[in-house]
Structures are given as C-alpha cells and as structure tokens.
Amino acid sequence: KAQAQLMAELVNSGRQEALSQANQGEEMSFEGSGQGAVVSEDSSPAVGAEASSFKYSLKAQIKVMTVKKSDFYNLLALKINQEIHQDKELLKEELEKTTENKIVNIDTALGLMNVSSHVQAPVAAKMDLGAMKNNLKGKEASDAAAYLKAFEEIADAKVSLWPFFAKKV
C-alpha cells in the first residue's frame, strides 16, 4: 500500500515538474499521463515484520507525457469541424472551457497517447465578416440593423453608434 501511494505521489509530482519546466501555460498534461516503474525498493524493518514505525525507500523511473495545448485544441477543432455541416463552425474560443479529456490508452515507450474528449462547445453559422463589414460601411443605424436581421442566422440586431453625432457606420 505504501508503494502504491508513494508511486502515485511521484507520478503526480513528475507531471507537475514537467509542466513547470515547459513553456509557461503552453503545455498540458492529462490525469493519468504519467507512468512509474519501480527500479528498486527497501524497507526497514523487512516486509511482513511488525514494527511501530517503518522506513520505506523507493527508486522509480517516472515517464510523463505532455502536449502543447494549442496543438491539441487546434487538432480537436479541426476534427469537430470535419464532422459538422459545412455552413457551420465551432466557436473555438469556448472549446478549452467546455471539453473534458480522458486518457484511453498510453504508451510512454512509443510516445503514444489515445485521448477521449467530450466536447459541449457552441457551433455557429459561418459568416464572411469581411464582406459583412464592407456591406455595413456607410449605412445608417436602422439600415445596418435591417441588413443584419436579413440573415436567417441572426435572430435580432440592434445597432448603436458612438459618439452621439455619428450618423453612419
């Protein structure tokens, strides 16, 4: 029991150390992305002997896998966008906040990790913002609102201009 607990602490510590040495906040590690193997162990008194206290030493090899956060979420967004209708797109800025990841399989020797991701990020209609900006340029607020409301993807639009003396977008 002491060995299992110590190994779990070492693997978690290894994960934290790997993340602290990586680029600030750019790397991520999944729960269970580390593996440990006992190299040697020693206990005093011997295993099975009764004692009021004991000393347990463990030498272990810890392997931890990390992944660049932006690469992971870019790949995930690409895969999701391939699965949804072509006139829709994933709102990528919400992806990281709404995704639950779980390691299915890991092989630190080969550097392979199979991750299952549960995503509940919003999807929106693709819109050509450049064309929309050009079409809105020079319109009065009421005309701009009418233009935006004409898109079936937009339920309602309210346009307000600032400063108060501005009359056109």
Side-chain angles (χ1 to χ4, degrees), residues 4-5 7-39 60-139 141-162 166 168-169:
Q5 185 177 357
M7 186 62 77
E9 288 177 21
L10 287 172
V11 168
N12 189 42
S13 179
R15 278 183 59 229
Q16 298 306 319
E17 180 66 21
L19 289 173
S20 72
Q21 289 182 11
N23 302 347
Q24 286 88 22
E26 290 184 22
E27 297 285 322
M28 62 188 246
S29 175
F30 301 105
E31 193 67 41
S33 64
Q35 294 178 334
V38 175
V39 175
Q61 180 182 37
I62 307 295
K63 292 182 179 180
V64 176
M65 292 182 66
T66 63
V67 63
K68 190 172 180 182
K69 196 181 288 188
S70 61
D71 288 349
F72 177 80
Y73 285 109
N74 285 340
L75 179 63
L76 188 58
L78 179 69
K79 292 292 184 187
I80 292 169
N81 281 326
Q82 288 174 351
E83 296 297 320
I84 59 180
H85 198 272
Q86 64 188 23
D87 65 342
K88 307 260 186 233
E89 65 184 338
L90 175 74
L91 296 182
K92 212 167 138 185
E93 57 276 359
E94 297 293 317
L95 186 60
E96 188 176 336
K97 294 181 250 175
T98 62
T99 303
E100 293 177 27
N101 300 303
K102 180 182 174 187
I103 292 182
V104 175
N105 190 353
I106 185 168
D107 186 338
T108 54
L110 295 175
L112 298 174
M113 184 168 41
N114 185 352
V115 178
S116 172
S117 297
H118 178 76
V119 179
Q120 287 189 301
V123 173
K126 282 185 184 176
M127 301 186 93
D128 185 352
L129 296 181
M132 196 176 283
K133 285 178 186 177
N134 287 335
N135 290 334
L136 287 170
K137 205 178 284 182
K139 290 189 183 291
S142 60
D143 293 336
Y147 170 78
L148 292 171
K149 288 179 186 178
F151 289 94
E152 69 179 57
E153 296 88 357
I154 299 177
D156 193 22
K158 179 181 176 186
V159 177
S160 56
L161 303 174
W162 187 88
K168 295 184 179 187
V169 177

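Other residues, nucleotides and ligands contribute over 12 non-hydrogen atoms within 6.0 Å of the CD atom of Q82. Residue K102 qualifies as open at atom NZ: its count of foreign heavy atoms under 6.0 Å is 12 or below. By the neighbour-count criterion of 12 heavy atoms within 6.0 Å, atom CD of Q120 is sparsely surrounded, having that number or fewer from other residues, nucleotides or ligands.
Side-chain atoms of V169 and K133, non-hydrogen and from C-beta on, never get closer than 4.5 Å to each other. With contacts defined as side-chain heavy-atom distances shorter than 4.5 Å, the pair S33/I106 qualifies. No side-chain heavy atom of T108 sits under 4.5 Å from any side-chain heavy atom of M113. The side-chain heavy atoms of I80 and L95, taken from C-beta on, include a pair separated by under 4.5 Å. Considering only heavy atoms from C-beta on, M28 comes within 4.5 Å of N101 through its side chain. L112 is not listed as a side-chain neighbour of M65, based on a closest heavy-atom distance of 4.5 Å or more. Within the 4.5 Å cutoff, no side-chain heavy atoms of K149 are placed close to those of I154. Inter-residue side-chain proximity for K69 and E26 is flagged as unmet; no heavy-atom pair is nearer than 4.5 Å.
Here the straight-line distance linking atom CG of L148 with atom CE of M132 works out to 6.0 Å at 0.5 Å rounding. Rounded to the nearest 0.5 Å, atoms CG (N135) and NZ (K139) are 6.5 Å apart. Distance check: L78 CG to E83 CD gives 10.5 Å after rounding to the nearest 0.5 Å. Atom NZ of K126 and atom CD of E89 lie 6.0 Å apart (nearest 0.5 Å). Going from atom CD of E96 over to atom OG1 of T98 covers 9.5 Å, rounded to the nearest 0.5 Å.
Applying the side-chain contact (heavy atoms from CB on, under 4.5 Å) rule to N114 yields the partners V104, N105; only residues at least two apart in sequence or on another chain are considered. When the side-chain contact (heavy atoms from CB on, under 4.5 Å) test is applied to K88, the partners found at least two apart in sequence or on another chain are I84, H85, V123.
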**OP:** Decide yes or no on side chain to side chain contact (heavy atoms under 4.5 Å, CB included) for N74 and K92, but give the supporting numbers first.
**Re:** CA-CA 8 Å; N74 285 340; K92 212 167 138 185; 2.4 Å; yes
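Across all non-hydrogen atoms, the minimal contact from I62 to G36 is CD1-CA, 3.9 Å.
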